[in-house]
Amino acid sequence: MKKRLQSFLMNKNLPIFVLVFTLLVALYLLGTAVQGEEHFNRIYIWLFAASVLAVVILILIIIQRIVWLVIKRRNKEPGIQLTTRMVLMFTGLSLPPVIVLYLFATMLVNQYVDSWFDVATDEALNDAISLGNIFLDTQTNTHLNTGRDMAAELAEVDPLNQGIYLDRLLDNSKANSLTIYSADGLLLFSNSLDPLKFVSPNLPQSTITELNNNRILARVEPSADEGLQVRVAVPISSNRSINIGQNRILQGLFPIPEEYESLAINIETQYHEYNKQNFQRQQLKSTFMIILSIVLLISVLLAMLRAFSSARRLVEPIKMLSEATDAITRGNFSRVIPVASNDELGLLVESFNSMSTQIATSSALAHRAQSEAENQRAYLESVMSHLTSGVISIDNDFLIRLSNEATHKILHLSDRSLINQNIDFIAMKNPTLSPLVDLIKQKVADKTQYWQQEVLIAEDSLRRILLVRGSQISEAEMEGGGHVIVFDDQTIINQAQRDAAWSEVARRLAHEVKNPLTPIQLSAERMHMRFSGKLSQEEDEILDRATQTIVSQVENLKTLVNAFSDYAKPPELKKELGGFNPLINEMVDLYSLSHPGIIFNVQLADPEPQMLLDRGRIRQLLTNLIKNAQESVDQGDIRIDISTETTGEQMILTVKDNGHGFAPNIIDHVFEPYETTKKGGSGLGLAIVKKIVEEHGGSIRVDNHQHGAVITIHLPVA
Amino acid sequence: MRRPSTIAVLLLAWAWVTAATEFTGVDQQRLGPELLITPQFDIQLSDKVTQAIQSGIVITFVMQVQLKQSVDWWLDRQIDHKIQTMQVRYFSLSSQYQLHNRNTNTKQSFANLNGLLAHMGGATTFSFQAEPAADYLQTRLFLDKQALPSIMQLPNVFDPDWNLNTDWQVHPLNLTTDPETSP
């Protein structure tokens with residue numbers, strides 16, 4: 001109950017309720033007032049008070065609305081501008097007719113009321129009253145004389161018989177009643193023409209006093225029946241009075257003749273009416289002005305209130321539309337505006353609701369399509385990221401729209417995104433890629449539909465061959481068109497092809513050469529055994545040297561063939577988990593004993609990582625590297641630096657010597673068989689090393705440093 | 001409670017008090033079970049009111065007398081209440097002023113207005129049954145503006161010339177003594 005009362009009191013429409021209640025009360029009072037003039041006079045002021053109260057309430061409501069309007073304008077609420085304009089417009093429209101009406105009515109009333117009165121009428125009425133006064137004075141004097149005569153007659157009558165004599169006097173006079181009072185005002189005798197209507201006439205004390213001073217009273221006065229009568233009172237100067245010196249008083253009431261009385265009353269009535277109206281003239285104007293002001297004020301204030309109400313009704317849907325539009329811009333399409341009317345605004349709201357529903361549907365479809373596109377894009381990116389080929393897409397302005405991870409790997413670029421970068425950005429980041437960039441730009445500019453070309457990329461110590469393929473995307477397939485470029489590093493493929501070729505060569509060479517070597521050696525030894533000692537000493541010496549030469553050369557050939565055989569067909573790997581450092585130390589110790597002239601500088605990673613290694617093959621790798629380093633030094637001390645370090649999931653082995661280094665013309669082919677700068681070298685040492693590294697899943701590269709060569713091997717950690 | 005109620009009445013009537021009508025006293029007379037009370041007022045009309053009367057407008061005066069019993073910490077109890085309504089009218093032809101007592105429907109003519117006012121202000125007697133519970137009386141006289149023609153009511157609402165009102169005049173009741181006149 002308390003909450004309901006609080007809610008009612010806090011209701012912003014409470015002043016409206018009070019206003020309506022006040023107006024209803026005023027209406028009720030008006031209904032009561034019209035029942036009669038008496039009622040109207042009694043209720044009139046309360047009716048006016050109710051109207052004033054209504055005006056006060058209206059003013060308070062308007063002030064409240066204006067304050068709200070100001071606050072909402074400061075808060076820049078939607079629709080407030082329209083509300084302000086409507087209120088100003090309604091007020092502006094209602095004021096001119098009200099002001100005109102007010103001025104017109106004021107002028108009309110003033111002129112009309114003033115026209116009721118003029119000097120001639122005043123004079124005529126005053127003359128009429130004067131004439132009436134003269135007539136009544138005449139009547140009064142006549143009846144006074146009559147009264148005096150009757151008093152004189154009564155003075156001659158015995159006081160005890162004055163009552164009887166009074167009847168005779170009444171019959172002979174025109175008086176309605178005759179009364180005799182004692183000197184102190186006590187009624188002694190009274191006689192009336194109409195006893196049934198007899199009312200004991202009173203004698204005012206002032207009259208008694210005057211009469212006792214031998215004065216007389218004669219005047220016209222209103223009668224009890226609203227007519228006129230002449231009252232005459234004279235003393236009865238009787239020497240025969242019971243109480244000598246105390247005169248009795250005769251009072252006579254004389255009527256005014258009816259024909260004159262009605263005229264006199266009519267004159268007086270009209271005179272009073274005229275005077276009343278004259279007296280009320282200014283008050284009539286004031287009353288009219290006040291009432292007119294109240295009525296017009298109520299009209300203007302109601303118009304303003306109506307303006308606020310209309311503006312609110314008009315603006316409310318617009319405000320809701322604005323809020324709903326904001327909600328839609330924020331992605332909330334579920335906002336439905338209630339349709340409050342069947343007019344154009346209602347139609348607009350319905351249209352908006354329909355539009356928002358359609359937008360919601362379209363948005364859901366777009367969201368679904370976007371989601372599908374995102375999925376496809378993610379799928380495409382996933383596929384692209386797993387491609388070993390580099391893929392980039394560029395538009396006709398050479399802006400890169402798409403690239404995958406393989407692009408960065410193949411082009412040896414940093415991880416920085418290439419998206420939305422110009423194609424020249426690639427050349428800027430890696431200048432060795434300029435041929436590739438130039439080729440792509442040329443093909444895009446030529447609008448070559450399909451193309452394929454190998455590009456040689458010459459980096460510091462690495463020459464790589466990229467197989468580049470391009471395809472134009474028409475504008476029909478993609479907005480603005482563009483190109484897709486796919487490239488692969490053919491270096492590895494070519495190297496593998498060459499390795500396979502060399503393996504085949506080595507296998508055939510070993511097979512074809514190794515087979516006849518043994519019969520050659522055996523034939524030479526058999527020939528030496530058969531003819532040794534049977535020839536002359538000189539010939540015997542020649543035989544011995546020739547035989548020795550054949551056998552030694554055959555041994556050399558066997559060694560060479562075995563090397564080829566190892567390269568062509570490596571033994572099956574037997575990888576075991578273990579460290580690399582013990583193998584290095586083992587080989588360094590072995591070489592230090594057998595080649596005391598070599599100075600080793602060994603720096604090994606501690607702790608060393610565990611790796612899956614074929615220890616025999618790794619020993620062969622280390623042997624070949626140390627041997628290469630040893631043989632690269634032409635003169636002076638041999639210095640070989642061997643170091644290992646662990647970076648992430650890789651172990652890096654570095655072997656550095658102080659030899660003559662790799663010749664620039666063979667450094668790109670140093671891992672191919674028969675690429676050697678050494679006299680008598682097979683050219684298979686680094687080829688076998690590379691093969692062993694690859695068998696263990698690693699990579700190798702060769703470089704020259706300031707005083708020799710450096711070989712770097714990356715091997716995976718287990 | 002008499003004082004607070006009197007103060008409240010005084011405060012309420014403050015804006016309406018004029019010097020034109022003054023309370024001068026009250027006559028109390030005990031006649032057997034009856035108590036006759038005659039308030040005394042000195043009535044002086046403003047020129048506007050006099051002019052209105054002479055213009056033929058009937059002016060209504062109301063005189064009220066209440067017998068009351070004091071009640072502590074609450075509003076005093078009203079024992080009895082009487083009202084006299086009197087109308088003053090002027091007749092131009094006879095140049096007479098008439099006092100019409102609406103309660104008794106008696107009319108008296110006066111040659112001048114002062115005589116009428118003197119009579120009205122001092123010769124109106126109220127008759128009450130003597131109530132032992134009553135311990136004081138209060139009386140007032142006022143010009144009944146609501147009895148004026150409606151045209152005249154609105155402009156005269158705040159016109160002091162028309163505020164011929166006395167506030168409630170409080171006077172102790174003397175129920176035991178013989179006729180007396182209090183100042």
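What's counted below: heavy atoms across the whole structure, side chains too, no hydrogens, waters or symmetry copies. To find a chain, count down the sequence lines: A is the first, B the second, and so on, and within it residues start at 1.
By the 6.0 Å contact criterion, CZ on B/Phe91 is enclosed, its count of non-hydrogen atoms from other residues, nucleotides or ligands being greater than 12. For CD of A/Glu258, the number of neighbouring non-hydrogen atoms (other residues, nucleotides, ligands) closer than 6.0 Å is 12 at most. Crowding of A/Lys174 atom NZ: a count of heavy atoms from other residues, nucleotides or ligands under 6.0 Å not exceeding 12.
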Exercise for the section: Starting from the C-alpha separation in whole Å, work towards a yes-or-no answer on side chain to side chain contact (heavy atoms under 4.5 Å, CB included) for A/Val220 and B/Leu93. Expected result: CA-CA 8 Å; A/Val220 179; B/Leu93 280 174; over 6 Å; no
Practice task
Check the pair A/His272 / B/Tyr90 against side chain to side chain contact (heavy atoms under 4.5 Å, CB included), numbers first and verdict last.
Solution key: CA-CA 9 Å; A/His272 278 172; B/Tyr90 178 67; 4.3 Å; yes
Practice task
Check the pair B/Met152 / A/Phe279 against side chain to side chain contact (heavy atoms under 4.5 Å, CB included), numbers first and verdict last.
Solution key: CA-CA 10 Å; B/Met152 295 178 64; A/Phe279 180 80; 3.6 Å; yes
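Ranked by non-hydrogen atom pairs under 4.5 Å with chain B, the options A/Ile45, A/Leu284, A/Ile265 are led by A/Ile45. With chain A as the partner, the residue from B/Gly56, B/Ser55, B/Ala111, B/Ala52 showing the most heavy-atom pairs under 4.5 Å is B/Ser55.
Going from atom CD of A/Gln283 over to atom CG of B/Asp159 covers 8.0 Å, rounded to the nearest 0.5 Å. The distance from the OG1 atom of A/Thr287 to the CG atom of B/Leu154 is 5.0 Å, given to the nearest 0.5 Å. In this structure, NZ in A/Lys276 is found 15.0 Å from CD in B/Gln54, a value given to the nearest 0.5 Å.
For a residue to count as touching a neighbouring chain, one of its non-hydrogen atoms must lie under 4.5 Å from one of that chain's; by this rule B/Asn105 does not touch chain A. For B/Gln51, the parts lying under 4.5 angstrom from a heavy atom of chain A are both the backbone and the side chain. For A/Leu136, the part lying under 4.5 angstrom from a heavy atom of chain B is the side chain only.
A/Glu268 contributes a side-chain N or O that, together with a main-chain N or O of B/Ser92, makes up a donor-acceptor pair within less than 3.5 Å. Distance alone, capped at 3.5 Å, places no donor-acceptor pair between the B/Ser109 side chain and the A/Glu221 backbone.
No side-chain heavy atom of A/Arg219 sits less than 4.5 Å from a side-chain heavy atom of B/Ser94.
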